[in-house]
2 protein chains.
Amino acid sequence: MSTSPVQKRPGGRSAAVLTSVRNAVEELVKEKGRERVTIPMVAERAGVNPTSVYRRWGDLQTMINDIATYRLDPKRPIPETGDLRSDLTEWAREIIEHYSNPTNAAILRGGAASAGDTQSDCLRNRRAEAGMLVERYGASSPLTVDEVIDGLVAPIVYRVIFLPDSLNNDSAKDLTSRLFEGR
Amino acid sequence: MSTSPVQKRPGGRSAAVLTSVRNAVEELVKEKGRERVTIPMVAERAGVNPTSVYRRWGDLQTMINDIATYRLDPKRPIPETGDLRSDLTEWAREIIEHYSNPTNAAILRGGAASAGDTQSDCLRNRRAEAGMLVERYGASSPLTVDEVIDGLVAPIVYRVIFLPDSLNNDSAKDLTSRLFEGR
DNA sequence: CTGATAACGCAAATATTATTGCTTTAGGAG
DNA sequence: CTCCTAAAGCAATAATATTTGCGTTATCAG
């Protein structure tokens, strides 16, 4: 798994480069799709020298992964309504919301292409969150983490990638309902 | 959607080039992953001049797509046991089997990256097949096509892409069982 | 405030990928 | 068998991407 190198001088100019590169990547991925983005392209859009990008990240893959990871608002509070079903519905809604942003969707697709090498931090986090939600209700929980992944995350991700128009306002509720049938 | 150009002389040498390129693509995709394969690479491995590849397919995406389409055994018989649940279990097993081939898995991942542009023929076919399976049992069918996609195809594809080690011999049965709970 | 140096920018050198014009080979209609 | 020409090969060129050496800027420890 490749991550952004440790910055010994994370302030001022370096930070500026970092954020403008991030913005550039997001814009370009949204505009052209992950496949058609190159490092020189990103550098130009960011108003930064390509060399700086090469030296900091080495290659596009590492860079995209870094950007994607950054994007995940990893420490946001996860839903806590007191009821697992409501929690999951809300959680699913947030995920769908996240991927309704074309940049995030494009980055997910990009991540898919190189998954295996570079496991997506994004989805690992989702699994961790699902674990927290389920375990909150201890042994009495009617669902396992895998069931949540298969029943919510997988369909959402599948649709984001392959059927982008098939998600709507009811999707979170529908999928969650399905998950609780027979429980 | 881009397809291989019509061959006015499909015999002999042309055919040889075609098959050696196909083999080369599959080998390389398996070895290095879709991301790290280039046309010159494929040409060299295939013992073919890069120009021939450029002229026939134009770009990597088109080429991969052509190869992938070729790979999908589109006209194989789909399961028909007389029982929907058995049919679906067997069908899921076939899909998992298909993607247990590293080349097919890598091509799926590659397809994800450019989905949106180029909708995967592969997955469209899966949906058609699911439709046939479900409709075979007419109005009495306990499942909709979407439920089959969400409950079988999505988890399988999700796992193939992001959690390649999580599929095993029981997965088809497990997912299908889950699908029939409460029905 | 100052000095050491991380990180950036610039420019030149390489390497890689894609295009183009022309020549050669060989599929297949007649 | 012969001829026409599709498709492959070859080589030179153009376009892009990557690497490298070196000078410059400016962060941050002291």
Side-chain angles (χ1 to χ4, degrees), chain A residues 2-25 27-29 31-67 70 110 113-114 117-118, chain B residues 2-25 27-29 31-67 70 110 113-114 117-118:
Chain A
S2 47
T3 315
S4 177
V6 178
Q7 290 281 325
K8 292 187 180 176
R9 283 183 189 176
R13 184 165 62 165
S14 292
V17 168
L18 182 59
T19 65
S20 59
V21 167
R22 277 176 178 158
N23 291 336
V25 168
E27 284 175 31
L28 288 168
V29 163
E31 284 172 28
K32 301 176 186 299
R34 163 73 174 68
E35 291 293 273
R36 289 190 259 247
V37 174
T38 65
I39 287 183
M41 227 175 213
V42 169
E44 187 189 341
R45 176 73 60 102
V48 154
N49 196 293
T51 306
S52 305
V53 176
Y54 282 116
R55 288 216 243 253
R56 197 189 282 199
W57 285 281
D59 63 65
L60 201 77
Q61 194 45 56
T62 305
M63 189 176 73
I64 301 264
N65 208 55
D66 178 49
I67 307 295
Y70 158 75
S114 56
D117 304 355
T118 324
Chain B
S2 46
T3 316
S4 177
V6 178
Q7 290 280 326
K8 293 187 177 175
R9 283 181 189 176
R13 185 167 59 164
S14 293
V17 167
L18 182 59
T19 64
S20 58
V21 166
R22 277 177 177 156
N23 291 337
V25 167
E27 285 175 31
L28 288 168
V29 162
E31 283 173 28
K32 302 176 186 300
R34 162 73 175 67
E35 290 294 274
R36 288 192 262 253
V37 174
T38 66
I39 288 184
M41 228 174 211
V42 170
E44 186 187 340
R45 175 75 59 105
V48 154
N49 196 293
T51 306
S52 305
V53 177
Y54 282 118
R55 288 218 242 256
R56 199 191 276 201
W57 285 281
D59 63 66
L60 201 78
Q61 192 47 56
T62 305
M63 188 178 74
I64 301 264
N65 213 51
D66 179 48
I67 308 293
Y70 160 76
S114 55
D117 304 355
T118 324

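Lettering follows sequence order; numbering is per chain, from 1.
For B/E31, the CD atom counts as densely surrounded, since its 6.0 Å shell holds more than 12 non-hydrogen atoms of other residues, nucleotides or ligands.
The phosphate of C/dA7 (OP1 or OP2) has a side-chain N or O of A/Q7 nearer than 4.0 angstrom. Residue B/Y54 has a polar side-chain atom (N or O) positioned under 4.0 Å from OP1 or OP2 of C/dA18. OP1 or OP2 of C/dT17 has at least one side-chain nitrogen or oxygen of B/T38 nearer than 4.0 Å. Listed pair B/S14 / D/dA7 fails the phosphate criterion, with no side-chain N or O lying under 4.0 Å from OP1 or OP2. Under 4.0 angstrom from either OP1 or OP2 of D/dA6 there lies no side-chain N or O belonging to B/R13.
Counting heavy atoms from C-beta on, the side chains of A/V21 and A/W57 come closer than 4.5 Å. In this structure the side chain of B/E35 reaches within 4.5 angstrom of the side chain of A/E35, judged on heavy atoms.
Taking for each of B/V48 and A/P50 the nucleotide of DNA chain D with the nearest heavy atom, the 5'-most of the two is the partner of B/V48.
Separating the CE atom of B/M41 from the C1' atom of C/dA18 is a distance of 16 Å, rounded to the nearest angstrom. Straight-line distance from the CH2 atom of A/W57 to the P atom of D/dT19: 15 Å, rounded to whole Å. Atoms CG (A/D59) and C1' (D/dT18) sit 11 Å apart, rounded to a whole Å. Taking atom CD1 of residue A/I39 and atom P of nucleotide D/dT18, one finds them 5 Å apart after rounding to whole Å. Separating the CZ atom of A/R56 from the C1' atom of C/dG9 is a distance of 14 Å, rounded to the nearest angstrom. Atom-to-atom, CG of B/N49 to P of C/dT17 comes out at 15 Å; the value is rounded to the nearest Å. In this structure, the CD atom of B/Q61 is 13 Å from the P atom of C/dA18, given to the nearest Å. The interatomic distance linking A/L18 (CG) with C/dC8 (C1') rounds to 14 Å, in whole Å.
No donor-acceptor contact under 3.5 angstrom links the side chains of A/N49 and A/S52, judged on distance only.
Counting only heavy atoms from C-beta on, B/T51 has its side chain closest to C/dT19 among D/dC22, C/dT19, C/dA18. Each of C/dG9, C/dT17, C/dT20 was ranked by its minimum atom distance to the side chain of B/R55; first place goes to C/dT20. Nearest nucleotide to the B/V17 side chain, out of D/dA17, D/dA8, C/dA7: D/dA8. Of all nucleotides listed (D/dA8, C/dA18, D/dA17), D/dA17 comes nearest to the side chain of A/P40.
Closest approach of B/R34 and B/I64 over heavy atoms only: CD-CD1, 3.7 Å.
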